[in-house]
Amino acid sequence: MEPWIEFVSIGLIALAAGFVHSAIGFGFGIVAISLIPIVMDVRTAHVVVSISSVPMLMMAAWTYRRGVEKRSLVEALVGAAIFLPLGFYLFKTSSMSWLVRGTGFAIFLMVVWSLRDRSRNANSSRSELPRGTCFLAGGAGGFLAGAVSIAGPPIAAFALKQNWSQSQYKSFVAQCLIVIALYKSVFLAEGGFLVQDVFGRAAVAATLSVLGVSIGARATARIPAARFKWLVAIALLVVSLWMMWSG
């Protein structure tokens, strides 16, 4: 493949991934890691996606910096800090196919649980959730970030269960994901994965993903909260089914 075709392809994929991420609060990694391996080897694609997501996630975290529920954020990040190293070890040593399938099944169960009797529990508070749920969601997100460069679905599934506004939801997810992305970048650097060839590709992906986030934020700002939550739930179900089927 000609280098310019590869760079154009990476840029267009990153633009679409950034738009999706801004629209539903997660999804950059899912879209990017699904499509970028078409134009490069899978392991390099994971590194490019992990690095290029950092500027985009910084922008998203800044855009939705108000309204985060700090206690939940801290619990989720503690879980991520513990489990991300295990996922990264598997990224270095294992085939990712069955990891992805198992992840899809877990996400499917989480979404079904989060939507169970949602209308009956619309006014439920966070204190009614099982103890440790937020920690486990962060741990699952950290593990997936380390293993398959996809941290968003477990964190989004947890946030969907809360009686939060759209801005609170996006604030929580965005701030979780930027910290996890920075944490993984440290492991990539220490593991010798940040070679010169990665940075040019990551720069293109980062630039276009930021543009995609900006477009997505404007396009989805007026979506009603109830419709937005169903959009997130449907996206999660589609993602989980795709992961179980394709690996």
Side-chain angles (χ1 to χ4, degrees), residues 21 24-30 33 46 49-50 53-54 56-58 60-91 96 99-100 102-115 124-188 229 232-233 235-237 239-240 243:
H21 187 102
I24 64 174
F26 71 100
F28 175 81
I30 295 167
I33 210 62
H46 276 267
V49 171
S50 296
S53 69
V54 171
M56 181 273 299
L57 291 172
M58 285 182 172
W62 176 257
T63 300
Y64 302 108
R65 62 191 179 277
R66 296 185 178 88
V68 69
E69 211 285 311
K70 293 182 179 178
R71 180 180 171 186
S72 294
L73 180 64
V74 171
E75 288 183 23
L77 291 177
V78 170
I82 293 172
F83 287 97
L84 189 147
L86 175 59
F88 187 72
Y89 173 77
L90 293 176
F91 168 73
M96 287 180 276
L99 278 175
V100 172
T103 297
F105 181 67
I107 293 167
F108 180 84
L109 292 180
M110 290 180 71
V111 177
V112 170
W113 167 74
S114 72
L115 294 177
S124 64
S125 65
R126 181 188 175 280
S127 61
E128 296 174 348
L129 292 172
R131 187 175 182 86
T133 302
C134 186
F135 172 84
L136 292 175
F143 175 83
L144 294 177
V148 293
S149 304
I150 299 173
I155 293 169
F158 166 80
L160 183 66
K161 182 66 174 176
Q162 314 309 301
N163 190 28
W164 289 342
S165 67
Q166 182 177 156
S167 62
Q168 286 176 307
Y169 167 91
K170 287 190 174 183
S171 179
F172 173 79
V173 174
Q175 293 187 41
C176 275
L177 294 184
I178 183 55
V179 175
I180 290 171
L182 290 170
Y183 188 37
K184 183 179 179 181
S185 296
V186 173
F187 283 87
L188 289 171
K229 289 183 177 181
V232 173
L236 283 166
L237 288 172
V239 166
S240 66
M243 292 172 78

message: Quick check for you: to the nearest 0.5 Å, what is the distance between N163 atom CG and Q168 atom CD?
response: 8.5 Å

query: What heavy-atom pair brings L73 and C176 nearest, and what distance separates the two atoms?
result: CD1-SG, 3.5 Å

message: Can you confirm whether I82 sits close enough to F135 that some side-chain heavy atom of one is under 4.5 Å from a side-chain heavy atom of the other?
response: yes

query: Angle class for the H21/F28 ring planes (parallel below 30°, perpendicular above 60°, tilted otherwise)?
result: perpendicular

- line: Interatomic distance, OG@S171 vs CH2@W62, rounded to 0.5 Å, equals 12.0 Å

- line: A145 and K184 have their tightest heavy-atom pair at O-NZ, 2.8 Å

task: Please report the shortest heavy-atom distance between I180 and G142, naming the atom on each side.
output: CD1-N, 4.3 Å

message: Could you check whether any side-chain heavy atom of C134 comes within less than 4.5 Å of a side-chain heavy atom of R71, counting everything from C-beta outward?
response: no

statement: Note: F187 and P85 closest approach over all heavy atoms is CZ-CG, 3.6 Å

- request: Please name the pair of heavy atoms, one in L182 and one in V54, separated by the smallest distance, quoted to 0.1 Å.
  value: CD2-CG1, 3.7 Å

statement: d(M56 CE, L177 CG) to nearest 0.5 Å is 8.0 Å

message: For W164 and F158, take the angle between the two ring planes, folded into 0 to 90°, and tell me which bin it lands in: parallel under 30, tilted 30 to 60, perpendicular over 60.
response: perpendicular

- line: Which of I33, V148, I150 passes side-chain contact (heavy atoms from CB on, under 4.5 Å) with V49? It is I33

- line: Here the pair of heavy atoms bringing Y169 nearest to A156 is OH-CB, 3.3 Å

